[in-house]
Asks: 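For reference, the structure I am asking about is given below.
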Amino acid sequence: MAMTLIIGVFMLLYGLYCYLVRPLNRVKNLGDLGFFFGHPEPKGKYKEMQIERMKKLRVLGDIPPVFPNGWFRIAETDDLKPKQVLPIVFMGQNLTLFRSENGSVHVINSYCPHLGANFSVGGRVVDNNCIQCPFHGWIFSGETGKCTRIPYSNSDKIPEKATVPVWPVVEVNRHIFIWYHCDGIPPTWEIPQIPEIDTGEWTFRGRTEHDVMCHIQEIPENGADLAHLHYLHIIGINEGCDITKMELSKKPSIRHVWNGSWEPEQEPNKHIGCMYLEHFLTVFGIQVPGTYVKLKAMQIGPGIVHMIFDFGFLGKGIVFQTVTPEDAVHQRVRFVMYAQTTALYAKIFMLSEAYQFERDIYVWTNKRYVKNPLYCKDDGPIAKHRRWFGQFYTDNSPRLNKDGSLTDRPKSLNDVNDW
Ligand code: FES
Ligand SMILES: [Fe+2]
């Protein structure tokens with residue numbers, strides 16, 4: 001009896017610890033939210049079929065090119081141990097990410113030029129920074145992509161063309177990023193380093209991850225769409241994220257108040273756009289102490305946002321928002337927080353961010369892109385944001401054809417293959 005009680009108390013304490021102290025890890029896959037399936041909601045295979053049907057019926061509109069030029073997150077540092085190999089889906093292709101014995105990171109196209117095996121499935125890291133194909137054991141350098149050894153043949157017999165495309169990659173702020181430019185241009189800007197992360201002053205405080213079915217530009221454009229803050233994001237997060245279940249036009253007793261602006265930066269930082277935002281909560285019109293947050297959100301290129309927060313006496317911190325196009329209209333979005341704040345505060349903060357973001361997902365998943373919107377006077381600087389974002393496309397940026405194919409396959413800098 002006493003033993004059962006001790007175990008019960010222990011489990012309760014452990015549950016409380018997980019709930020209050022352990023960093024948030026909220027992962028929502030395609031179909032978890034953003035769709036409206038009606039009632040009762042279909043399950044399993046039928047739900048998957050419904051999603052496929054919705055994809056077919058969806059009107060995408062006259063969308064811009066689907067893959068902009070820039071840096072994109074493909075993993076977090078802790079996802080990849082030395083000698084580990086990870087499959088990556090990036091811009092509609094299978095790529096292979098691996099870490100060498102001495103810690104460097106490399107990304108290559110997944111298919112072996114010999115007989116086409118996939119490096120991600122059974123490939124091994126060897127000779128420090130090389131990967132060995134699982135089929136016949138050919139070895140390729142992660143640095144240059146060249147075949148360095150064929151274990152069953154002499155080194156002078158390595159075919160001239162035995163090279164696999166390698167992608168530029170950097171590891172910064174405990175994330176791994178890949179560079180893409182449709183014209184084969186090497187990186188033209190760098191991702192700012194956050195010193196407080198390297199020094200350990202700001203520690204990991206949680207992550208959220210969402211699969212979002214929309215064009216990449218819809219997500220950053222939200223930062224310049226100031227009018228939607230005063231409609232979609234007003235109702236207290238106590239009412240959740242499902243916009244099909246909330247009364248958006250009612251006057252809520254718990255209300256989010258927003259005040260924002262958005263401006264692009266000048267040369268040499270024209271790839272950066274800044275949103276300045278103030279937010280607090282009111283209950284029956286009275287401001288709730290401790291809810292005032294001032295934020296500078298720097299959109300750095302098409303796929304990275306640094307949101308630097310000042311939580312007053314609770315300290316400072318950063319939330320990274322990264323958007324990675326896995327396919328033409330399929331984005332993987334992560335929010336990752338490093339901060340001085342207490343674990344509990346960070347958890348509540350990240351959850352409320354996630355709920356607000358999830359409301360946008362309901363809109364993005366179902367909307368069409370409107371090339372020439374009907375602006376009214378009090379819309380935010382959406383047109384300005386679109387002109388700014390246009391710098392990440394060039395004439396060769398891949399577009400989505402009507403039949404679902406692409407006008408061009410995204411390539412790394414040393415990719416000469418036509419397939
Ligand atoms: S297919 Fe890769 S070594 Fe043969
Ligand atoms: Fe939004």
Side-chain angles (χ1 to χ4, degrees), residues 33-34 85 87 94 96 98 108-127 130-142 145-153 155 157-159 161-165 208 210 212 214-237 239-243 246 248 256-262 273 275-279 293 295 297 299 305 307 319 321 323 331 333 335 352-367 379-382 385 417 419:
L33 56 90
V85 179
N94 291 316
T96 299
F98 66 94
I108 59 172
N109 278 28
S110 286
Y111 299 108
C112 177
H114 178 218
L115 233 70
N118 188 324
F119 294 114
S120 299
V121 185
R124 299 272 188 282
V125 176
V126 295
D127 300 348
C130 299
I131 190 157
Q132 183 160 33
C133 178
F135 205 1
H136 312 88
W138 289 28
I139 295 169
F140 296 85
S141 159
K146 284 194 184 326
C147 177
T148 56
R149 236 165 6 108
I150 299 175
Y152 56 88
S153 188
S155 60
K157 297 276 171 17
I158 297 176
K161 286 188 171 169
T163 298
V164 61
T208 62
H210 294 87
V212 189
C214 70
H215 186 277
I216 184 168
Q217 202 177 310
E218 301 279 12
I219 299 173
E221 190 170 290
N222 215 242
D225 179 358
L226 303 175
H228 93 292
L229 293 174
H230 307 302
Y231 187 71
L232 185 64
H233 297 300
I234 274 190
I235 293 181
I237 52 128
E239 299 203 24
C241 63
D242 186 344
I243 64 170
M246 60 179 75
L248 286 166
H256 297 267
V257 180
W258 307 93
N259 196 0
S261 63
W262 182 87
M275 183 192 196
Y276 298 90
L277 199 63
E278 291 175 310
H279 164 263
V293 176
L295 147 79
Q299 169 86 39
V305 180
M307 295 184 238
V319 173
Q321 186 213 50
V323 183
Q331 319 301 327
V333 186
F335 286 77
S352 67
E353 282 273 302
Y355 274 30
Q356 293 287 12
F357 185 73
E358 286 165 9
R359 290 181 192 173
D360 287 309
I361 293 178
Y362 276 88
V363 175
W364 294 327
T365 306
N366 301 285
K367 80 187 289 293
D379 280 326
I382 298 172
H385 187 277
N417 293 319
W419 43 269

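When a ligand or atom number is given, it counts from 1 through the structure's own listing order.
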Asks: Quick one about S141 and T148 (side-chain donor to acceptor, distance below 3.5 Å, no hydrogens or angles considered), yes or no?
Replies: no
Asks: Of all the N, O or S atoms in H233, which has the shortest distance to the Fe ion (ligand 2)?
Replies: NE2
Asks: N/O/S atom of N222 under 2.8 Å from the Fe ion (ligand 2), yes or no?
Replies: yes
Asks: Have D360 and H233 got a donor and an acceptor in their side chains that come within less than 3.5 Å?
Replies: yes
Asks: Would you mind running through ligand 1 and noting each atom that sits below 4.0 Å from a heavy atom of W138?
Replies: 3 (S)
Asks: Can you list the ligand 1 atoms lying under 4.0 Å from a non-hydrogen atom of A117?
Replies: 1 (S)
Asks: Indicate the ring-plane relationship of Y152 and H114, choosing parallel, tilted or perpendicular according to the 30° and 60° boundaries.
Replies: tilted
Asks: Quick check on side chain to side chain contact (heavy atoms under 4.5 Å, CB included): which of I243, L248, D242 does R359 satisfy it with?
Replies: I243
Asks: Please round to the nearest 0.5 Å and tell me the distance separating atom CD of Q331 and atom CD1 of I219.
Replies: 5.5 Å
Asks: Crowded around Y355 OH? As in, over 12 foreign heavy atoms under 6.0 Å?
Replies: no
Asks: Out of the N/O/S atoms in H136, what is the name of the one closest to atom 4 (Fe) of ligand 1?
Replies: ND1
Asks: With respect to atom 2 (Fe) of ligand 1, which of P113, C133, C147, G123 exhibits the smallest heavy-atom separation?
Replies: C133
Asks: Locate the shortest heavy-atom distance separating G260 from L226; write the atom from each residue and the value.
Replies: O-CD1, 3.5 Å
Asks: Does D360 bring an N, O or S atom to under 2.8 Å of the Fe ion (ligand 2)?
Replies: yes
Asks: Within the supplied structure, the quantity of interest is the number of heavy atoms (other residues, nucleotides, ligands) at a distance under 6.0 Å from K146 NZ; does it exceed 12?
Replies: no
Asks: I'd like to check which ligand 1 atoms, numbered from 1 as shown, lie under 4.0 Å from a non-hydrogen atom of C112.
Replies: 1 (S), 2 (Fe), 3 (S)
Asks: Which of the numbered atoms in ligand 1 are under 4.0 angstrom from any heavy atom belonging to G116?
Replies: 1 (S)
Asks: Considering heavy atoms of the protein only, find what lies nearest to atom 1 (S) of ligand 1 and give residue, atom and distance to 0.1 Å.
Replies: L115 N, 3.2 Å
Asks: So, of the N/O/S atoms that H114 has, which is the nearest one to atom 4 (Fe) of ligand 1?
Replies: ND1
